[in-house]
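Sequence lines set the chain letters: A, B, ... in the order given, protein chains first and strands last, and positions in each chain run from 1.
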Amino acid sequence: MTRNIPDKRGLEGLETKWDERWESDGTYRFDVTKTRDEIFAIDTPPPTVSGSLHMGSVFGYVQTDAHARYRRMSGKEVFYPMGWDDNGLPTERRVQNYYGVRCDPSLPYDRDFSPPEQPHDPPISIGRRNFIELCHILTAEDEKVFENLWRTLGLSVDWHQTYATIDELSQRTSQKAFLNNLARGEAYSQDAPVLWDIDFQTAVAQAELEDREKGGAHHDIAFRKPDGSAVYIETTRPELICSCVALVAHPEDERYQELFGTTVTTPLFGVEVPVVSHELADPDKGTGVAMICTFGDTTDVTWWRELDLPTRAVIQLDGRLQEETPEWLTGAGAGAYSEIAGLFANQARRKMAEMLAASGDLDGEPRQIMHPVKFYEKGDRPLEIVTSRQWYIRNGGREEKLRKELLVRGEELDWVPEFMGVRYRHWVEGLTGDWLISRQRYFGVAIPLWYPVTEDGDIDYANPIVPPDDRLPVDPRSDTPDGFEESQREQPGGFSGDPDIMDTWATSSLTPQIAGHWVDDPEFFTRVFPMDIRPQGPEIIRTWLFSSTVRSHFEHGTIPWHTATINGWILDPDRKKMSKSIGNVVTPMPLIEEYGPEAVRYWACNGRPGVDTAVDFGVMKIGRRLAIKILNASRFALSFSDSAVDPTEITEPLDRSMLASLAAAVEGATAAFDEYDYARAIEIAEKSFWNWTDDYVELVKSRAYDDGPGAPSAHAALQFALGVYLRLFAPFLPFVTEEVWSWWKEGSVHRSAWPSTEEFEGLTGEPDVLEAVSRILGEIRRAKSDAKASMRAEVEQVGVVADRELIDAARKAEIDLLAAGRVEEITYSEGEFTVESRLA
RNA sequence: GGGCCGUUAGCUCAGUCCGGCUAGAGCGCUCGCCUCACACGCGAGAGGUCAGUGGUUCAAGUCCACUACGGCCCACCA
């Protein structure tokens with residue numbers, strides 16, 4: 001192939017040029033004919049497209065891409081799909097804000113609706129179908145932005161293998177998997193207390209909770225024994241006294257032994273409640289005796305369930321206390337309730353404090369405290385606990401046997417880094433209930449069930465009507481079940497469609513099954529599943545990783561991947577965690593424009609696996625410099641002959657010595673990659689390369705230029721080494737390496753073979769030679785530098801004192817050393833290492 | 001309350017699993033150099049009680065114990 005080396009070529013525009021070429025050449029196209037052992041399959045995280053782009057989005061994906069490129073060059077056919085996580089609440093919220101709309105499911109579909117140009121304020125209400133259409137429109141836009149970023153960064157995904165968690169295939173996969181869970185008894189519905197977000201009007205799962213420190217107040221409140229004396233309890237939620245069903249203390253708490261088995265009456269409401277014992281009651285908290293309400297917190301739920309207590313709930317789905325007087329309150333109690341009926345919990349709390357103070361049942365003043373309160377991670381107000389019918393998938397939270405099985409799955413996984421496995425274990429060990437998958441929202445995969453409506457008009461939840469596979473995906477809110485007419489919807493003797501959707505994790509837990517076409521191409525699926533790696537962030541081990549493990553355990557009886565590679569957190573340049581609320585989010589595009597995509601890739605690849613990494617412009621600058629250096633060094637190495645050279649011409653000791661050290665670098669980088677340590681791989685390649693340009697290239701320059709007998713060896717060695725370096729850097733710097741490769745090689749560097757030590761067979765010499773002359777050259781440079789002379793300054797005489805081995809090694813490349821140092825004469829003697837240089 | 005990770009040069013980080021010459025790199029800083037691949041460059045230099053304490057060892061940044069500080073995760077929030 002004839003050389004086509006541009007005279008002057010910078011980095012600018014390389015990403016566009018090569019992205020287009022790779023697309024048209026199908027460089028990263030997955031070859032579907034390959035067999036499982038030839039394939040390396042990656043379960044790429046589908047980014048939440050409605051989220052903002054930030055450096056965290058770049059970090060992990062680039063690291064994974066580097067590894068994908070390594071595997072591809074190592075001979076694997078890499079299955080590297082890309083998904084978009086577009087279903088779920090984040091998209092709904094974005095649509096609401098972007099267009100100024102809100103979903104009102106009671107409104108009909110408006111065929112002529114078009115979204116407002118500007119966000120509408122106040123929001124306009126639209127029907128469910130119109131709302132979902134807007135979700136589709138906006139996510140399509142968002143997905144383009146992400147794809148553009150990924151292409152600019154050079155991710156080697158196969159853009160023909162994409163999916164979205166709301167697309168038809170994902171819906172079908174998700175519904176099919178759910179129906180399988182149902183058929184096997186792994187999914188069930190129940191009417192029970194759930195954590196409820198009063199703003200989003202939906203139930204939330206344990207994995208979506210977070211604790212936030214909130215202000216509150218301890219109230220000491222008197223309950224009355226039959227003899228009229230007081231028992232004080234401490235509570236932060238006096239508004240729930242009307243929901244009190246019992247008092248509880250620890251069974252061994254000596255202070256309350258007399259009370260167990262007796263009853264007390266609640267203040268203001270005068271309800272008689274039993275005093276019971278339970279181990280969860282903590283003698284050290286408050287007065288040691290607590291009121292059990294339905295429901296103030298998750299412990300209440302446990303007590304209520306285990307002690308078989310009645311239900312006296314007053315908090316409604318909207319977070320207000322119900323308007324009508326509860327049936328268990330009569331007389332004065334009903335009167336007291338009328339004061340707080342219809343209020344939000346926090347309003348009722350203040351009112352109750354006043355009333356209790358007035359009645360003398362409040363001891364002292366409420367004491368302000370800060371305490372952790374459970375929030376939905378995306379919510380703004382504390383969660384309430386309400387009773388409602390929801391769907392669950394078993395996850396070991398309520399069964400020891402399943403929990404143990406899932407813990408074993410966690411041990412079967414190879415965790416990179418290893419300590420991340422602990423987070424999985426802790427999460428599984430700490431589960432308190434099954435996985436709540438139903439959500440009372442709109443943009444998501446529907447729960448694919450209808451229920452018979454009895455002749456009495458009741459919904460028969462115990463006998464759901466299941467669609468056949470060939471009808472999936474179904475929307476029970478608009479589709480009619482087989483054997484019914486649409487007119488029978490919600491009619492006695494007819495049917496009722498499940499109104500809920502599944503949580504986004506219920507679908508994204510199936511990304512291997514979606515990307516692998518489990519539902520429509522089982523043969524293909526066997527060739528990519530279980531996948532090789534699941535790369536992801538640490539914060540979603542409890543959600544995405546765990547739920548994927550659960551689904552795969554049930555559906556396939558295996559872990560979904562062999563290895564989980566967990567990347568670190570991204571911190572802002574001041575080493576603070578980036579968050580939108582602090583306003584320190586760094587977006588990638590401006591940085592890519594300033595430093596170039598390879599500089600940003602270089603930064604990402606220098607973050608160690610699993611290690612928190614700060615956005616560091618300094619590191620990006622170094623990456624940019626490395627890319628430029630590769631261009632320039634390549635131009636030099638390729639400037640001597642216009643045709644391919646014969647490696648057997650590499651005969652000079654210095655050249656063969658250089659190849660020995662390069663072979664060692666190849667070995668080191670390969671070993672690092674095999675342990676998923678891309679950062680060590682690039683470090684090794686880079687160290688070797690800078691030594692190459694700084695020392696070897698300088699030493700060999702004269703011989704390469706002078707057309708003497710040593711020239712062919714120099715030319716061949718330079719080209720051979722360059723061919724190796726380009727491949728070593730290809731996983732990290734895909735554009736510049738491809739550019740240089742195209743100057744003198746056929747095909748793509750990204751489909752060339754990863755360098756191996758076998759290539760060096762018969763070409764390597766003693767590593768000592770290059771080391772020895774580099775060391776002496778360094779001393780000569782120091783002398784020139786000390787003399788404030790140019791590096792071109794002539795040296796009359798150099799006296800080397802060193803041990804025998806170093807002298808012997810140096811002599812083998814003496815001509816190169818003299819030329820590089822511009823030295824006229826060199827002498828050697830044995831002894832402690834010193835170099836005397838006498839400048840001309 | 002439990003757990004995980006970290007603390008090495010002014011800054012950002014390697015090195016710790018598997019103990020061994022004088023603890024490395026880059027940035028920044030200082031000094032020099034337009035050297036025919038590269039001034040988007042090249043060369044040289046200064047800069048470190050390896051968080052602290054104690055222990056194991058011939059030998060500790062590296063192994064063990066404890067402590068402090070920082071970050072993260074979990075926890076039944078009376």
- [ ] Tell me whether the OP1 or OP2 atom of B/C76 has a side-chain N or O from A/Q206 closer than 4.0 Å.
- [x] no

N/O-N/O pairs, protein side and nucleotides 61-66 of chain B side, under 3.5 Å:
none

TODO: Give one of base, sugar-phosphate or nothing for A/E698, where a contact means two heavy atoms less than 4.0 Å apart.
DONE: base

Open item on the list: I'd like to know if the side chain of A/D655 pairs up with that of A/Y696 as donor and acceptor (distance under 3.5 Å, no hydrogens or angles considered).
Closed with: yes

- [ ] Scan A/W690 against the nucleic acid and name what it touches under 4.0 Å (heavy atoms): base, sugar-phosphate only, or nothing.
- [x] sugar-phosphate

Task: Nucleotide-resolved protein contact map, nucleotides 25-33 of chain B, B/S/- at heavy-atom distance under 4.0 Å - done: -SS---SSS

- [ ] Return yes if some donor-acceptor pair links the side-chain N/O of A/D677 with the main-chain N/O of A/F673 below 3.5 Å, else return no.
- [x] no

- [ ] Rounded to the nearest 0.5 Å, what's the gap from CE on A/M620 to CG on A/L591? Could you check?
- [x] 5.0 Å

TODO: Looking only at side-chain atoms of A/D297, point me to the closest of B/C77, B/A75, B/C76.
DONE: B/C77

TODO: Compare all side-chain heavy atoms of A/W304 with those of A/C293 and state whether any distance is below 4.5 angstrom.
DONE: no

Task: Test side chain to side chain contact (heavy atoms under 4.5 Å, CB included) applied to A/A633 - qualifying residues, sequence neighbours left out - done: A/F689, A/W692, A/T693

Task: Dot-bracket line, read 5' to 3' along RNA chain B, where crossing pairs take [ ] and | marks a partner on another strand, Watson-Crick or G-U under 3.5 Å - done: ((((((((.[[[[.)....(...]]]].(((((.......))))).....[[[[[..)....]]]]])))))))....

- [ ] Consider the side chain of A/V422, meaning its heavy atoms from C-beta on, and name the nucleotide among B/C4, B/G45, B/G71 that approaches it most closely.
- [x] B/C4

TODO: Choose from B/C38, B/G43, B/C76 the nucleotide whose nearest atom is closest to any side-chain atom of A/L280.
DONE: B/C76

Open item on the list: Among residues at least two apart in sequence or on other chains, which ones pass salt bridge (Lys or Arg N to Asp or Glu O under 4.0 Å) with A/R423?
Closed with: none

Open item on the list: Go nucleotide by nucleotide along RNA chain B from the 5' end; which of A/S634 and A/N606 gets its closest nucleotide reached first?
Closed with: A/N606

Open item on the list: Quick check: any donor-acceptor pair below 3.5 Å linking the side-chain of A/K374 to the base of B/C77?
Closed with: no

- [ ] Determine whether the side chains of A/H278 and A/E306 contain a donor N or O and an acceptor N or O closer than 3.5 Å.
- [x] yes

Open item on the list: Given B/C77, B/G45, B/C76, identify the nucleotide with an atom nearest to the side chain of A/H371.
Closed with: B/C77

Open item on the list: What verdict does the side-chain contact (heavy atoms from CB on, under 4.5 Å) test give for A/R781 and A/E698, after you've listed the backbone C-alpha separation in whole Å, the side-chain angles of each residue and the deciding distance to 0.1 Å?
Closed with: CA-CA 12 Å; A/R781 284 168 173 165; A/E698 292 303 323; 3.7 Å; yes

Task: Among B/C72, B/C77, B/U12, the nucleotide that comes nearest once only the side chain of A/R423 is considered - done: B/C72

TODO: For residues A/R822 and A/M791, report the shortest heavy-atom separation together with the two atoms involved.
DONE: CD-O, 4.3 Å

- [ ] Pick base, sugar-phosphate or nothing for A/D694, based on heavy-atom distances below 4.0 Å to the nucleic acid.
- [x] sugar-phosphate

TODO: Would you mind telling me which of B/A14, B/C38, B/C40 lies closest to the side-chain atoms of A/N632?
DONE: B/C38

Open item on the list: Can you tell me which nucleotide in B/C38, B/C74, B/C4 comes closest to the side chain of A/F419?
Closed with: B/C4

TODO: Give a yes or no on whether a salt bridge exists between A/D297 and A/K374, defined as a side-chain N under 4.0 angstrom from a carboxylate O.
DONE: no

Open item on the list: The criterion is side chain to side chain contact (heavy atoms under 4.5 Å, CB included); which residues satisfy it with A/E675, sequence neighbours excluded?
Closed with: none

- [ ] With heavy atoms under 4.0 Å as the rule, sort A/V697 into base, sugar-phosphate or nothing.
- [x] base

Open item on the list: For A/L733, is there any backbone N or O sitting under 3.5 Å from a side-chain donor or acceptor partner on A/R601?
Closed with: no

Open item on the list: If you only use heavy atoms from C-beta on, which nucleotide in B/G41, B/A44, B/A75 is closest to the side chain of A/K629?
Closed with: B/G41

